[in-house]
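The structure under discussion appears below in the form of structure tokens.
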Protein chains: 2
Amino acid sequence: MTARQPRPTEVLEGHIGYLLAKLGALSSSRMDAELAPFGINRMQFGLLKILDAAGPGSQQALSGDLGMPPSRMVALVDDLEDQGFVARERSSSDRRVNEIRLTREGRAVLARANKAAVRWQDELLVDLSAPERNQLVELLRRVTARHLGGGAVHDHS
Amino acid sequence: MTARQPRPTEVLEGHIGYLLAKLGALSSSRMDAELAPFGINRMQFGLLKILDAAGPGSQQALSGDLGMPPSRMVALVDDLEDQGFVARERSSSDRRVNEIRLTREGRAVLARANKAAVRWQDELLVDLSAPERNQLVELLRRVTARHLGGGAVHDHS
DNA sequence: TATTGTTATACTCTATAACTATA
DNA sequence: TATAGTTATAGAGTATAACAATA
């Protein structure tokens, strides 16, 4: 509790990596909190968004998209399926694959969750003007494109 | 491996939180990799920087500064002490407190580690012009000040 | 033999809470 | 009784590897 001076961490804020890590962690935990009322976490939110944008896909494809091991998809999809947000159907052409598709309920919850996500984003950027927000997003996208642009974005710490 | 289309995650990049989380994770893991040759991780790097800027302090004060529980400091400082980068001295006025101070070796390794950190930052921002880099840092600092500015910056996922 | 999805295991990280020594 | 530091424990998250079904 005995933090010193005004702000000893100020010296760290010169490092953009520090700012990115801190804001990333804040944003992640807050996103999870915002999404919790809808029964999903930010990974599942991303999953629903991809399904919505790219159409149905196998768990392998999805795990490739999200850059996570297939084993991790199981619980994620289990939970979405239990809540009726996605449907798992054995592909007729290749019965090994699970074809995952968004249900009507899934599309509905995605719409509501998306609103919450946008609301939180607005709150995060409340101090920036509209042009500044666009500038920030554009700069971050350029950095992202260079360093994570190749294919799926991996965590792989 | 069977990631679909050009980049299905593109739909996620409209969310600044996604970009921040991904870049934060990338930056963190890369920082650890850059610092590993010096025998420290990014937390210890931050610790050394704070000691350098604010002078010696107790473990409590440091843990307050960094926003982590005192128990976590122990191993962090143990390791730094083993390598001779900091000295732990029982305070004479209150023998419960450990006064942590930077050693000469600590100051030397900090200087070298800092160069590596700056080099990585330059690489991260390689596609941005000098004014753009300044703009990005300034925007991030303003967002940080609003949402994490109060005191110590907590992780607390 | 290779691949999809699943399950089991093991490892890392971290917070919480007991414990000690000082005050 | 309260506080600084330490140790112990327990939980979450996650990757890796074994496994079953299908190709």
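A, B, ... follow the sequence lines: proteins, then strands. Residue 1 opens every chain.
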Report the distance from atom [atom1] of [X] to atom [atom2] of [N], rounded to the nearest whole Å.
X	N	atom1	atom2	result
B:Leu66	C:dC13	CG	P	17 Å
A:Gln60	C:dT3	CD	P	10 Å
A:Leu76	C:dT7	CG	P	14 Å
B:Met68	C:dT16	CE	C1'	16 Å
A:Asp32	D:dG13	CG	C1'	12 Å
B:Arg95	D:dA2	CZ	P	23 Å
B:Glu89	D:dA4	CD	C1'	16 Å
A:Asp79	C:dT6	CG	P	14 Å

A:Val97 with A:Ile100, same ILVMFWY side-chain cluster at under 4.5 Å = no
Does one hydrophobic cluster hold both B:Val74 and B:Phe45, with members joined at side-chain heavy-atom distances below 4.5 Å?
-> no
Which nucleotide sits closest to the side chain of [X]: [options]?
X	options	answer
A:Pro69	D:dT22, D:dT16, D:dT7	D:dT16
A:Arg96	C:dA15, D:dA15, C:dT4	C:dT4
A:Arg88	C:dA23, C:dT6, C:dT14	C:dT6
B:Ser58	D:dG5, C:dT6, D:dA15	D:dG5
A:Arg90	C:dT22, D:dT6, C:dG5	C:dG5
A:Gln59	C:dA23, C:dT6, D:dA23	C:dT6

Answer yes when A:Arg142 and B:Glu132 have at least one side-chain N-carboxylate O distance shorter than 4.0 Å, and no when they do not.
-> yes
Electrostatic pair A:Arg42-A:Glu34, nearest N-O below 4.0 angstrom | no
Phosphate oxygens OP1/OP2 of D:dA15: is one of them under 4.0 Å from a side-chain N or O of A:Arg72?
-> yes
Is there a side-chain polar atom (N or O) of B:Asn98 under 4.0 Å from OP1 or OP2 of D:dT6?
-> yes
Contacts of B:Asp94 and B:Ser71 projected onto DNA chain C by closest heavy atom; the upstream (5') one is B:Ser71
How would you list, by chain and number, every residue that makes a side-chain hydrogen bond (donor to acceptor under 3.5 Å, both in side chains) with B:Arg101, sequence neighbours excluded?
-> B:Glu89
